[in-house]
K.L.:
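Below you'll find the structure I mean.
If you're wondering where the values come from, they're calculated on a predicted model, not measured in any experiment. By convention in this document, chain letters (A, B, ...) are assigned in the order of the sequence lines, proteins followed by strands, and residues within each chain are numbered from 1.
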Protein chains: 2
Amino acid sequence: MNQEALRTEVAHFLEFETQKMIPQLSIDCVIFSFHADKLKVLLLKGINQEKLNLPSGFIYQDENIDTAALRNLKERTGLDQVFLQQFHTFGKPTRYFPDQLQEAILSLGIDAKKADWLFQRFVTIGYYALVNYQQTNPQPSLFSEGFAWEDVEDLPPLILDHQALVETALETLKKDILTQPIGLKLLPDNFTIPQFHQLYEIILQRKIDRRNFRKKMLLSNILIPLNEQKAIKGHRLPNLYRFDEAAYALSLSGEVKMGF
Amino acid sequence: MNQEALRTEVAHFLEFETQKMIPQLSIDCVIFSFHADKLKVLLLKGINQEKLNLPSGFIYQDENIDTAALRNLKERTGLDQVFLQQFHTFGKPTRYFPDQLQEAILSLGIDAKKADWLFQRFVTIGYYALVNYQQTNPQPSLFSEGFAWEDVEDLPPLILDHQALVETALETLKKDILTQPIGLKLLPDNFTIPQFHQLYEIILQRKIDRRNFRKKMLLSNILIPLNEQKAIKGHRLPNLYRFDEAAYALSLSGEVKMGF
DNA sequence: CCAAAAGTGTTTCCAGTACACCCATGG
DNA sequence: CCATGGGTGTACTGGAAACACTTTTGG
């Protein structure tokens with residue numbers, strides 16, 4: 001997008017859209033996908049920013065916050081019907097739009113007064129999403145000029161507290177693995193048990209014996225074997241499976257133990 | 001408080017305080033305590049309201065949201081240094097100040113225009129607190145005229161979505177029992193194992209074999225026996241214990257199992 | 001003496017864990 | 001032939017669950 005078109009869009013946003021939205025409250029999305037045996041997060045590159053940022057959005061006055069998060073996610077990934085869940089709200093008083101981004105926007109020729117709305121302190125509601133890498137078609141947003149899927153275990157520098165957001169989202173994911181069909185959302189339709197195993201190890205951040213993992217998953221009846229193997233080089237070919245979605249849902253106990 | 005004094009206070013709040021606060025964003029506290037073998041929630045009675053409400057508050061522009069929640073809790077209970085934790089943010093577009101309460105406030109002789117700030121849609125950040133019943137001295141807030149500790153298993157009608165807030169807080173508590181020293185926060189300094197057992201049954205909402213519970217707790221070394229019994233009538237006197245706080249903290253694993 | 005709740009001990013069972021060996025593939 | 005990862009089977013163990021009996025107190 002050229003400078004002039006961007007200026008027009010930003011000016012329009014500030015003049016007409018912001019007044020329909022809740023001020024000082026935003027939504028940040030931590031969008032996870034699983035690709036090349038790694039857990040990835042979708043990040044955007046803000047105009048004139050070196051550090052990356054999470055996809056963000058605002059809430060219309062007559063809009064449910066969950067709906068706003070979903071709308072935002074759809075704008076950013078083209079995906080509907082995805083797993084999306086609120087995990088925490090972040091409200092340090094120093095959460096302001098990054099300085100350089102402010103400068104970049106003003107340098108478009110925007111009246112500083114009209115941009116005030118954007119440059120106030122923001123409280124942000126964090127959501128995390130689980131999306132299928134293959135089916136996702138990421139789009140940069142108004143204030144950004146590119147995107148990237150980054151490895152969650154090796155993140156580049158992020159603006160503000162976005163690093164903390166990702167970490168908290170991951171912590172939540174760790175707990176939710178007991179009660180949510182994580183595999184179903186993150187793995188491709190056909191997958192191998194080693195892939196599923198890898199996903200668990202990344203999310204739980206610890207080693208899990210692969211033989212015990214396999215046994216447990218096979219015994220739980222949530223996997224339907226396909227008569228296909230995945231093609232990989234130099235090794236025995238792993239079998240492909242798909243989820244028995246109903247059985248998967250049922251097997252998620254969410255049971256709370258006594259503790260200790 | 002008489003009508004005139006209240007009018008002055010509310011008018012002052014609307015004129016001078018609101019402008020220092022983030023609009024359309026509030027904090028609601030679900031304050032739990034354990035008393036008479038029941039889990040209780042602190043509720044307020046709004047002016048001219050039949051339904052009860054949770055203690056709420058607002059956030060100053062330069063204030064951390066956690067700090068705001070703590071300030072609010074202190075104003076309402078006199079307690080500092082309590083267990084306080086954010087659990088969810090609620091944002092249905094229909095979350096407005098209750099009609100009757102609006103009327104009651106305006107009927108004080110407040111200029112409707114000045115009260116606009118209060119009568120907008122609010123998104124609220126839910127926190128839950130665990131307090132010691134004995135040490136708590138509840139205070140009504142600006143817009144309320146009384147308080148009550150209500151049994152969490154038998155709540156009276158609440159305004160808006162406050163019932164849902166309590167339920168979600170309880171769900172969170174259910175999960176946090178694995179990782180947080182719930183007993184330490186909710187039980188009196190000296191307590192009996194049956195009391196501790198009762199607390200677990202209420203929070204987990206299921207029966208736990210009392211013999212297995214006792215065995216587990218005693219073996220975990222988190223309990224220090226006192227040479228005293230609690231006086232109750234008509235039964236064998238139960239022994240009193242206190243927590244070994246360090247051991248309790250250590251024993252909280254928070255370990256995430258593989259699931260299923 | 002009785003009702004009610006507290007305190008004590010035994011057994012069973014299974015989920016989680018540890019671990020060893022063979023198989024298929026590409027180079 | 002070999003390196004690499006995939007697939008299969010066995011054995012152990014500790015914690016959770018099921019369960020019965022005795023003790024203390026007030027009335």
K.L.:
Given atom CG of Leu218(A) and atom P of dG9(D), what is their separation to the nearest angstrom?
P.N.:
11 Å
K.L.:
Of the nucleotides dA20(C), dG7(D), dT17(C), which has the atom closest to the Arg211(A) side chain?
P.N.:
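Between dA20(C), dG7(D), dT17(C), the one nearest the side chain of Arg211(A) would be dA20(C).
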K.L.:
Write down the distance between CG (Leu237(A)) and P (dG6(D)), rounded to a whole number of angstrom.
P.N.:
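Those two atoms, CG and P, are 11 Å apart.
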K.L.:
Less than 3.5 Å between a donor and an acceptor, one on the side chain of Arg210(A) and one on the base of dG7(D), is that the case here?
P.N.:
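Per atom types, the contact qualifies.
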K.L.:
May I ask you to verify if any side-chain N or O of Asn239(B) is less than 4.0 angstrom from the OP1 or OP2 atom of dA6(C)?
P.N.:
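Checking dA6(C) against Asn239(B), no side-chain N or O comes under 4.0 Å of OP1 or OP2.
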K.L.:
Please report, rounded to the nearest Å, how far the C1' atom of dA6(C) is from the NE2 atom of His197(B).
P.N.:
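Going from NE2 in His197(B) over to C1' in dA6(C) covers 12 Å.
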K.L.:
With side-chain contact (heavy atoms from CB on, under 4.5 Å) as the test, pick out the partner of Val41(A) among Leu158(A), Val152(A), Leu165(A).
P.N.:
Val152(A)
K.L.:
Can you confirm whether the side chains of Asp176(B) and Tyr128(B) place a donor and an acceptor under 3.5 Å from each other?
P.N.:
yes
K.L.:
In this structure, how many angstroms lie between the P atom of dG27(C) and the CD1 atom of Ile232(A), rounded?
P.N.:
12 Å
K.L.:
Which nucleotide in the list dG16(C), dA16(D), dC23(C) gets nearest to the side chain of Arg236(A)?
P.N.:
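Per side-chain heavy atoms of Arg236(A), the pick is dC23(C).
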K.L.:
To the nearest Å, how far apart are Tyr241(A) OH and dG6(D) P?
P.N.:
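In whole Å, dG6(D) P and Tyr241(A) OH are 12 Å from each other.
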K.L.:
Quick check for you: among dG7(D), dC19(D), dG27(D), whose closest atom lies nearest to any side-chain atom of Lys233(B)?
P.N.:
dG27(D)
K.L.:
Both Gly234(A) and Lys215(A) contact DNA chain D. Taking the nearest nucleotide for each, which residue is further toward the 5' end?
P.N.:
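Result of the comparison: Gly234(A).
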K.L.:
Do the side chains of Asp209(A) and Lys216(A) get close enough for a salt bridge, i.e. N-O under 4.0 angstrom?
P.N.:
no
K.L.:
OP1 or OP2 of dA15(C) less than 4.0 angstrom from a side-chain nitrogen or oxygen of Lys216(A), does that happen here?
P.N.:
no
K.L.:
Where the side chain of Asn212(B) is concerned, which of dA6(C), dG6(D), dC19(D) is the nearest nucleotide?
P.N.:
dC19(D)
K.L.:
Find the distance His235(B):NE2 to dA4(C):C1' and express it as a whole number of Å.
P.N.:
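In whole Å, dA4(C) C1' and His235(B) NE2 are 5 Å from each other.
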K.L.:
Strictly under 6.0 Å, is that where the ring centroids of Phe213(A) and Tyr200(A) end up?
P.N.:
yes
K.L.:
Could you state the atom-to-atom distance from CG of Asp37(A) to C1' of dG6(D) in whole Å?
P.N.:
14 Å
K.L.:
Using whole Å, what does the distance between atom C1' of nucleotide dA15(C) and atom CG of Asp209(A) come to?
P.N.:
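Asp209(A) atom CG is separated from dA15(C) atom C1' by 14 Å.
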K.L.:
Are a donor atom and an acceptor atom from the side chains of Ser26(B) and Ser56(B) found within less than 3.5 Å of each other?
P.N.:
no
